[in-house]
Amino acid sequence: MRIHIATDHAGLDFSRDLQEHLRGAGHEVIDHGPREYDPLDDYPSFCINAAIGVVTDQQSGIEALGVVFGGSGNGEQMAANKVPGARAALVWNRSTAELAREHNDANVISIGARQHTLEEAIEFIDAFIATPFSGEKRHSRRIAQLAEYERTGTIAGHEIGA
């Protein structure tokens, strides 16, 4: 599988170690940066590029997922979710990693590098990659509603707005 990865300065060491782990597991890793430590770097472009890579690959029929890191993972998740077709989930344990795939068909996960050990992050990522989307009708319906809103600003049959 192709894994797109991005971080900010807080997750740079994590990113390097995780790329090594993922390559060792047989995955193709695409690093969207940063390449070197800069305490003032701006993570949005790195994470957006990773999410674009995932969505583009998936639309082309390439099996791909994404992993983004930051101090908390919050901003990185928000950045990735700005990309149409990206479904980025903040994960903080194995269960949230599995449920992100199983129920939400998440294609990007975000992890707080200052919140977890490297071993925990590896566990979350491996669980995320290994867990398939359930395909259950209720989950598919909800994902379709999110995509519809992303495209049109509405959800048929549901009131949106104040």
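Residue indices begin at 1 and follow the sequence shown.
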Set out, in order, the CA-CA distance, both residues' side-chain angles and the distance that settles side-chain contact (heavy atoms from CB on, under 4.5 Å) for Leu18 and Leu118, then state yes or no.
CA-CA 8 Å; Leu18 288 164; Leu118 177 62; 3.9 Å; yes
So, the side chain of Glu102 versus the backbone of Ser134: is there a donor-acceptor pair under 3.5 Å, distance only?
no
Scanning both residues in full, the closest heavy-atom pair of Gly135 with Ser140 reads O-OG, 3.6 Å
Below 4.5 Å, heavy atoms only, C-beta onward: do Val54 and Val83 meet side chain to side chain?
no
Verify the cluster assignment for Val29 and Val67: are they in a single hydrophobic cluster under the rule of side-chain heavy atoms below 4.5 Å apart?
yes
Using atom types as modelled and distance alone, determine if a side-chain donor or acceptor of Asp8 lies under 3.5 Å from a backbone N or O of Ala10.
yes
Minimum-distance pair of heavy atoms, taken over all atoms of Gln115 and Gly71
NE2-O, 3.2 Å
Please round to the nearest 0.5 Å and tell me the distance separating atom CG of Asp17 and atom CD of Glu119.
9.0 Å
Reported CD1-to-CZ distance for the pair Ile109 and Arg101, which is rounded to 0.5 angstrom
10.0 Å
Separation of Arg2 CZ from Ile62 CD1 (nearest 0.5 Å)
4.5 Å
Between Arg94 (side chain only) and Ala127 (backbone N and O only), is there a donor and an acceptor less than 3.5 Å apart?
no
Correct closest heavy-atom pair for Ile155 and Tyr149 would be CG1-CB, 3.9 Å
Shortest non-hydrogen contact from Ala51 toward Ala86:
CB-CB, 4.0 Å
Which atom pair, heavy atoms only, marks the closest approach of Asn74 to Leu90?
OD1-CD2, 3.2 Å
Flag if over 12 foreign heavy atoms under 6.0 Å of CD, Glu136
yes
Are Phe128 and Phe133 linked, directly or through intermediate hydrophobic residues, by side-chain heavy-atom contacts shorter than 4.5 Å (ILVMFWY only)?
no
Does the side chain of Pro34 come within less than 4.5 Å of Leu12's, by heavy atoms?
yes
Do Asn93 and Thr96 have side-chain N/O donor and acceptor atoms under 3.5 Å apart?
yes
Using side-chain contact (heavy atoms from CB on, under 4.5 Å), reason through Glu20 and Arg16 one step at a time and then give a plain yes or no.
CA-CA 6 Å; Glu20 184 178 317; Arg16 290 176 178 149; over 6 Å; no
Do Phe14 and Val68 belong to the same hydrophobic cluster, where Ile, Leu, Val, Met, Phe, Trp and Tyr are linked whenever their side-chain heavy atoms lie under 4.5 Å apart, directly or via other members?
no
Rounded to the nearest 0.5 Å, how far does OG1 of Thr131 lie from CG of Asp105?
11.5 Å
Please check if the number of heavy atoms outside Glu148 that lie under 6.0 Å from its CD is greater than 12.
yes
Looking at Ala121 and Ile111, what are the two nearest heavy atoms and their distance?
O-CD1, 4.1 Å
For Arg35, side chain to side chain donor-acceptor pair (under 3.5 Å) partners two or more places apart:
Asp31
Gap between atom CD1 of Ile3 and atom CD of Glu63 - 0.5 Å precision
8.5 Å
Pick out which of Asp57, Asn107, Thr56, Asn49 makes a side-chain hydrogen bond (donor to acceptor under 3.5 Å, both in side chains) with His4.
Asp57
Do Phe46 and Met78 sit in the same hydrophobic cluster, where Ile, Leu, Val, Met, Phe, Trp and Tyr count as joined when their side-chain heavy atoms come under 4.5 Å apart?
no
Residue pairs passing the ring pair (Phe, Tyr, Trp, His ring centres under 6.0 Å) test where at least one lies in residues 84-117, sequence neighbours excluded:
His103-His139, His116-Phe124
Can you spot which of Leu65, Ile125, Leu22 makes a side-chain contact (heavy atoms from CB on, under 4.5 Å) with His27?
Leu22
Stepwise, does the side-chain contact (heavy atoms from CB on, under 4.5 Å) test hold for Asn104 with Leu146?
CA-CA 10 Å; Asn104 306 110; Leu146 292 171; over 6 Å; no
Please tell me whether Phe69 and Ile30 are part of a single hydrophobic cluster in this structure, the criterion being side-chain heavy atoms less than 4.5 Å apart.
no
